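Comments concern the structure below.
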Amino acid sequence: MSLIVQKYGGSSVGSVDRIQAVAQRVYKTVKAGNSLVVVVSAMGKTTDGLVKLANEISPNPNRREMDMLLSTGEQVTIALLSMALQEIGQPAISMTGAQVGIVTEAQHTRARILRIETDRMERHLQEGKVIVVAGFQGISHGTELEITTLGRGGSDTSAVALAAALRADFCEIYTDVPGILTTDPRLVPEAQLMDEITCDEMLELASLGAKVLHPRAVEIARNYGVPLVVRSSWTDAPGTWVTSTKQPERPLVDLELARPVDAIEFDTNQAKVALLRVPDKPGVASRLFGEISQQNVDVDLIIQSIHDGNSNDIAFTVMTSILKKAEAVADAIAPVLRSNPTKLDEAEVLVEEDIAKVSIVGAGMIGRPGVAAQMFATLAAAGVNIQMISTSEVKVSCVVDAKDCDRAVASLSQAFEINTSPLHSASSLPAAASAVRGVALDLNQARMAIRHIPDKPGMAAQLFGLLAQHNISVDTIIQSQRCHIIDGLPRRDIAFTVARIDSEQAKTMLTQAAIQHGWGEVILDSAIAKVSIVGSGMEGQPGIAAKMFAALAHHKINIQMIATSEIKITCVVEQEQGVKALQVIHEAFGLAGSEKFVVPA
Ligand code: ADP
Ligand code: ASP
Ligand code: MG
């Protein structure tokens with residue numbers, strides 16, 4: 001006999017028929033000898049409807065009242081599903097987040113779960129009842145008891161947190177697709193189902209708006225080792241297991257406030273090659289990395305920041321042992337990229353050997369803008385200048401001077417209270433069969449850049465500290481290669497993406513800061529799309545980046561920015577080309593299957 005937590009999303013409980021079908025599945029699972037806690041979402045598009053009503057009254061509704069409003073959607077479903085269960089002879093009891101004892105912090109509309117009081121649930125389970133819990137909501141025990149919600153899509157997080165708290169045998173997420181696919185089947189019907197995916201891969205995909213799983217649910221599954229599967233509520237197909245390696249036992253308090261950083265990594269075995277002033281047009285990155293991969297040179301970080309005039313800089317890092325080879329390729333390709341081979345101020349090759357890469361890693365940094373800022377502030381306080389920055393959802397990597405590496409690692413370990421010894425990044429892993437697992441598109445981001453920030457310790461800390469103070473999350477932070485000397489000071493551009501809803505506020509605030517600190521222009525472009533490939537097998541496999549860039553070049557899609565981590569490559573492209581970019585990349589990696597998925601209406 002197992003204790004199982006099942007979660008049914010909006011479309012799975014979208015009508016009375018669907019609720020009755022869910023009741024049948026629950027009944028069968030109980031009859032097979034299991035105990036069950038069932039988490040449900042609001043019916044169909046109820047939550048969207050409630051948001052719309054609020055917006056008809058106010059463009060900026062009070063967040064407490066939003067929680068009061070949105071939490072009602074799930075309450076309808078719990079009552080109806082309990083009734084449907086009782087109707088077929090299965091004892092059941094519906095419970096709100098507060099009744100279950102899902103205690104959250106007091107942050108309305110995006111509360112994190114602190115703990116779950118399991119006594120009452122255990123009693124009802126002993127009585128042989130199925131417990132039907134309202135997803136996405138909790139209660140905060142501040143000075144007053146307040147209803148909170150976890151943020152859109154948060155029922156997944158409720159389910160996995162309940163599974164962790166109850167030490168359930170596993171957690172099943174039932175939805176309208178057969179599991180996790182190589183990309184969103186609404187955009188690419190030929191997307192293929194995966195049998196399994198690691199939590200780390202899923203975190204990178206999910207935070208990009210892959211939607212099928214709330215990233216915070218994946219974070220809890222990983223931290224507490226909850227076996228997690230995503231399945232279709234329409235069929236009995238096995239679905240996709242989200243796997244994780246065994247983690248040390250954690251207490252069940254401050255469930256979602258676990259330490260934001262799990263590890264510090266460093267690599268002193270790296271060198272940097274940069275191509276300065278290459279033309280800002282489709283095909284350039286493809287040409288460069290195509291040539292590099294033909295020479296079998298494996299690149300690690302790749303960074304392309306926002307264009308400057310009509311040219312761009314592209315920088316990458318390689319292992320020191322292959323630097324000469326990489327440099328030779330860059331030297332050979334540079335003249336081809338010039339408008340005229342004799343124009344030596346175009347496509348200039350710059351090499352730097354004495355660098356180190358230092359990274360902070362942890363799923364807890366998702367949605368917590370202060371973490372990257374804290375890293376930059378820590379490095380600044382240690383007098384370490386940051387040469388390059390590249391971020392992904394669960395990692396921030398900084399390239400620094402090799403002589404600063406020890407100091408950087410020591411100060412970061414102290415700041416983030418990491419007692420285990422820092423990991424020396426593995427230089428190359430055995431090539432996996434399929435390097436790229438999934439492709440994701442995020443259409444909800446805007447790109448921002450600040451020109452001419454002085455190139456000295458503390459600037460990134462100041463900039464991202466300011467954004468964090470206003471609770472604005474940033475990602476894909478990229479610092480440009482190109483240095484301008486203005487007023488005798490070397491200066492660089494820093495570009496990043498923010499959620500589009502935060503972008504106007506960020507712009508106003510940063511424009512003020514720029515005047516105050518003497519930074520250059522603040523640029524905002526809302527019409528962008530972020531497209532990314534994810535896969536743990538891409539490390540140590542030359543040519544993956546080249547293939548992605550070639551697919552984009554072939555379709556004349558210009559790459560505005562590039563950022564990478566070991567398991568992900570992200571390109572920023574024009575918004576209108578986002579879907580096309582996703583489709584051609586998915587195709588290029590041979591991820592398309594012969595079968596087409598039709599998502600139920
Ligand atoms: P639920 O209401 O069950 O929580 P969601 O709408 O939140 O369901 O999530 C399921 C949807 O996620 C699918 O219908 C699909 O369009 C979308 N999706 C995006 N990326 C993926 C992916 N890689 N695999 C599967 N589904 C995806
Ligand atoms: N009903 C909420 C939403 O639509 C929570 C969820 O479905 O996960 O965002
Ligand atoms: Mg969902």
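Quick caveat, the model's predicted, so the values are computed rather than measured. For ligands, and for the atoms within them, numbers begin at 1 and follow the listed sequence.
When only interatomic distances are considered, the shortest N/O to N/O separation between T182 and ligand 1 does not fall below 3.5 Å. Geometrically, ligand 1 and I180 share no nitrogen or oxygen pair separated by less than 3.5 Å. When only interatomic distances are considered, the shortest N/O to N/O separation between K7 and ligand 1 falls below 3.5 Å. Looking at ligand 1, you'll find an N or O of K211 within less than 3.5 Å of one of its N or O atoms. Considering both main-chain and side-chain atoms, V177 never comes within under 3.5 Å of ligand 1 through any nitrogen or oxygen pair.
Of all the heavy atoms in V534 and E201, the pair that sits closest is CG1-O, 3.5 Å. Considering all non-hydrogen atoms of both residues, G578 and A529 come closest at CA-CB, 3.7 Å.
Both tests do not hold together for R231 against W241: distance to the six-membered ring centre under 6.0 Å, angle to the ring axis within 45°.
Checked for salt-bridge contact, R222 and D262 meet the test: a charged N lies under 4.0 Å from a carboxylate O. Under the 4.0 Å criterion applied to side-chain N and carboxylate O atoms, E566 and K395 are assigned as salt-bridge partners. With respect to D156 and K7, a salt bridge is recorded, a charged nitrogen being found less than 4.0 Å from a carboxylate O. For the pair E117 and R115, the salt-bridge criterion is met [side-chain N within less than 4.0 Å of a carboxylate O].
The option with the heavy atom closest to atom 1 (N) of ligand 2, from among Q137, H214, E74, R152, is E74. Taking only non-hydrogen atoms, the option from T183, V439, V13 nearest to atom 22 (C) of ligand 1 is T183.
At least one heavy atom of G179 sits closer than 4.0 Å to an atom of ligand 1. Using 4.0 Å as the threshold, H214 has no heavy atom nearer than that to any atom of ligand 1. The closest approach between any non-hydrogen atom of G153 and ligand 2 is below 4.0 Å. Residue G154 places a heavy atom under 4.0 Å from ligand 2.
Using a 4.0 Å cut-off to heavy atoms of S155, the atoms of ligand 2 that qualify are 5 (C), 6 (C), 7 (O), 8 (O). Within the listing of ligand 2, atoms 2 (C), 5 (C) sit less than 4.0 angstrom from a heavy atom of F136. Near T175, meaning under 4.0 Å from any of its heavy atoms, are these atoms of ligand 1: 1 (P), 3 (O), 8 (O), 10 (C). Atom numbering of ligand 2 starts at 1 in the shown order; those under 4.0 Å from a heavy atom of S41 are 6 (C), 7 (O), 8 (O). The ligand atoms of ligand 2 that sit less than 4.0 angstrom from a heavy atom of T47 are 1 (N), 2 (C), 3 (C), 4 (O).
Both the backbone and the side chain of V212 come within 4.0 Å of ligand 1, counting heavy atoms alone. Contact annotation for L205 and ligand 1: no heavy atom of the residue comes within less than 4.0 Å of the ligand.
Between Y174 and Y8, the ring planes are parallel. Angles under 30° get that label, and only those over 60° would be called perpendicular.
Shown here is E144, whose CD atom has no more than 12 heavy atoms of other residues, nucleotides or ligands within 6.0 Å.
The side chain to side chain donor-acceptor pair (under 3.5 Å) test with T182 singles out one residue from E190, Q192, H586, and that residue is H586.
No side-chain heavy atom of T240 sits under 4.5 Å from any side-chain heavy atom of D195.
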